[in-house]
Amino acid sequence: MNFEITSGKVVGKGMKVVLYGAEGVGKSSLAARFPNPIFIDTEGSTDGMDVRRLPKPTSWQMLIDEIKFIMNGGVPCSSIIIDTFDWAEQLCIDNLCGQHNKKGIEDFGYGNGYVYEREEIARFLTLLEDLTARGVNVVITCHAATRKYELPEEMGQYDRWELKLGKKTGSQISPLVKEWADMVLFLNYKTHVFATDDKGKKHKAAGRERVMYTSHHPCWDAKNRQGLPEELPLAWESIAPVIPDNFNAYNTASAEQTPCQQMLEKAQAMEIPTNPLDGSVVIDTPEAGYTPPVGVPKALADLMSAQCVTAEELEAVVVAKGYMPKGMPLRDYPEDFVNAVLIGAWAQVMECITVNRLH
């Protein structure tokens, strides 16, 4: 067995960045300054900003589909912004609860729900790794929260800023996200305290200077691998020199394989016959004149609309699997079935629909 030994800095990769801080400090505004960004806005925080954005994901699967859409060259960009990740985490929890027919993450018992969530988030971060490997910067924004912290060897407690990732998942998800990132920046207002009397017994806080911290501190988490100063003004110019812009390289590579070629490879992998003369696949899709579904949950409707899936196509798969009787309309399917099977296993459902379309 031989392994190739390389040396020197690895070039051409995107940066993995986490921006977190209190609400209104400027996380989205800073993220919008990254090279050629495209936003996946999970909470509507960019509605008042002039930025490019994909539709707001209404399910965890829709969020994953949007990432894959970008990965397949659907959106020319240099940076993808997930704003914010704590709202995306709730989509993940809702998806897990729907799949297992649970009302909440606590219903799994013995902390199993949090284990499932950690595994799902880890898979999602691995998916984002594929984007950075192709040269795309991935920026995750997150709200911050304070909690009381006490060192074992010291007396007394103090407030510490942390990623706001759930009351009980913070001990699992937060470290996972921080380890994944190349750069974790804590954004905050710098407060100055000064005495208001001659004896120095009364004090007042003032100052609205916005700064970002780049290194670990007892009162917050932060890190960087680029040798940045520990404190910087909250401005794009402070970090611009260390953020790559691989727009031309990434989008040229993405354009090398067209969606038709991708569908051809998928069909051949599934051993579906294709035209041997020109290597094309004729797919009868309902895209022309497609009408969005009505009377179904919005999370399912969004997934269907993204792939131009009709109610008839979805009902055909459900009937073929023996889940529901023939003739039962999609709008009458039980909510728990929709959440667990159709939304929760949408990737598998789409594989069946794709096969039906190819035939």
Side-chain angles (χ1 to χ4, degrees), residues 8-42 45-46 49-53 70 75-86 88 125 128-129 131-144 161-165 174-191 207-217 219-251:
K9 294 183 178 180
V10 177
V11 296
K13 293 186 65 176
M15 186 81 73
K16 297 172 289 187
V17 181
V18 173
L19 305 176
Y20 81 105
E23 61 277 1
V25 72
K27 300 182 293 294
S28 301
S29 298
L30 179 61
R33 297 293 305 277
F34 275 69
N36 300 295
I38 179 73
F39 274 77
I40 298 181
D41 188 349
T42 62
S45 58
T46 65
M49 299 173 60
D50 183 15
V51 296
R52 294 190 307 156
R53 64 179 70 82
I70 297 173
V75 182
C77 64
S78 299
S79 308
I80 171 176
I81 319 295
I82 301 177
D83 187 20
T84 60
F85 196 70
D86 37 304
L125 295 177
L128 297 181
E129 285 269 8
L131 271 172
T132 58
R134 301 182 187 193
V136 179
N137 301 310
V138 176
V139 182
I140 289 176
T141 69
C142 189
H143 291 100
W161 289 95
E162 296 182 344
L163 297 175
K164 186 181 178 182
L165 290 174
S174 180
L176 193 65
V177 172
K178 290 183 293 185
E179 292 165 8
W180 166 86
D182 297 316
M183 182 186 297
V184 178
L185 301 179
F186 173 52
L187 283 54
N188 201 7
Y189 297 99
K190 189 171 184 178
T191 303
R208 299 286 292 174
E209 179 187 1
R210 296 186 306 159
V211 298
M212 50 187 171
Y213 300 100
T214 68
S215 299
H216 181 81
H217 187 276
C219 295
W220 57 75
D221 289 315
K223 75 171 186 179
N224 78 94
R225 296 168 177 167
Q226 291 72 36
L228 295 174
E230 293 186 359
E231 180 182 320
L232 292 167
L234 205 170
W236 165 246
E237 291 74 19
S238 298
I239 60 174
V242 300
I243 304 298
D245 184 357
N246 300 311
F247 181 81
N248 291 331
Y250 166 67
N251 292 284

Sidechain-backbone polar pair: [X] side chain, [Y] backbone, donor-acceptor under 3.5 Å:
| X | Y | value |
| --- | --- | --- |
| Asp86 | Cys142 | no |
| Lys27 | Ile140 | no |
| Tyr20 | Asp221 | yes |
| Lys178 | Val18 | no |
| Thr42 | Asp83 | yes |
| Arg210 | Val25 | yes |
| Asn246 | Arg134 | no |
| Asp41 | Thr46 | yes |

If every non-hydrogen atom of [X] is compared with every non-hydrogen atom of [Y], which pair is closest and at what distance?
| X | Y | result |
| --- | --- | --- |
| Gly26 | Leu234 | O-CD2, 4.4 Å |
| Ala32 | Pro37 | O-CG, 3.5 Å |
| Trp180 | Leu125 | NE1-O, 3.4 Å |
| Ala31 | Thr141 | CB-CG2, 4.3 Å |
| Val242 | Met15 | O-CE, 3.0 Å |
| Arg53 | Ile38 | N-CD1, 3.7 Å |

Nearest 0.5 Å please: distance from the [atom1] atom of [X] over to the [atom2] atom of [Y].
| X | Y | atom1 | atom2 | result |
| --- | --- | --- | --- | --- |
| Leu232 | Asn224 | CG | CG | 8.5 Å |
| Thr132 | Asp182 | OG1 | CG | 7.5 Å |
| Arg225 | Met183 | CZ | CE | 10.0 Å |
| Cys77 | Phe39 | SG | CZ | 12.0 Å |

With sequence neighbours excluded, residues passing side-chain contact (heavy atoms from CB on, under 4.5 Å) with Pro233: Ser238
Is there side-chain contact between Trp220 and Asn188, with at least one heavy-atom pair below 4.5 Å? no
Heavy atoms, side chains only, cut-off 4.5 Å: are Val51 and Ile81 in contact? no
Would Val17 and Asn137 satisfy side-chain contact (heavy atoms from CB on, under 4.5 Å), going step by step from the backbone distance to the final call? CA-CA 8 Å; Val17 181; Asn137 301 310; over 6 Å; no
Looking at Lys16, I'd like to know if its NZ atom is crowded, meaning that more than 12 non-hydrogen atoms belonging to other residues, nucleotides or ligands lie closer than 6.0 Å. yes
Is the CD atom of Gln226 crowded by more than 12 outside heavy atoms at less than 6.0 Å? yes
Over 60° means perpendicular and under 30° means parallel, so classify the ring planes of Trp161 and Phe186, tilted if in between. tilted
Results of salt bridge (Lys or Arg N to Asp or Glu O under 4.0 Å) for Glu237 - residues two or more places apart only: Arg33
List the steps and the verdict of side-chain contact (heavy atoms from CB on, under 4.5 Å) for Lys164 and Thr84. CA-CA 10 Å; Lys164 186 181 178 182; Thr84 60; over 6 Å; no
Between Phe34 and Val138, is the side-chain contact (heavy atoms from CB on, under 4.5 Å) condition met? List the steps. CA-CA 10 Å; Phe34 275 69; Val138 176; over 6 Å; no
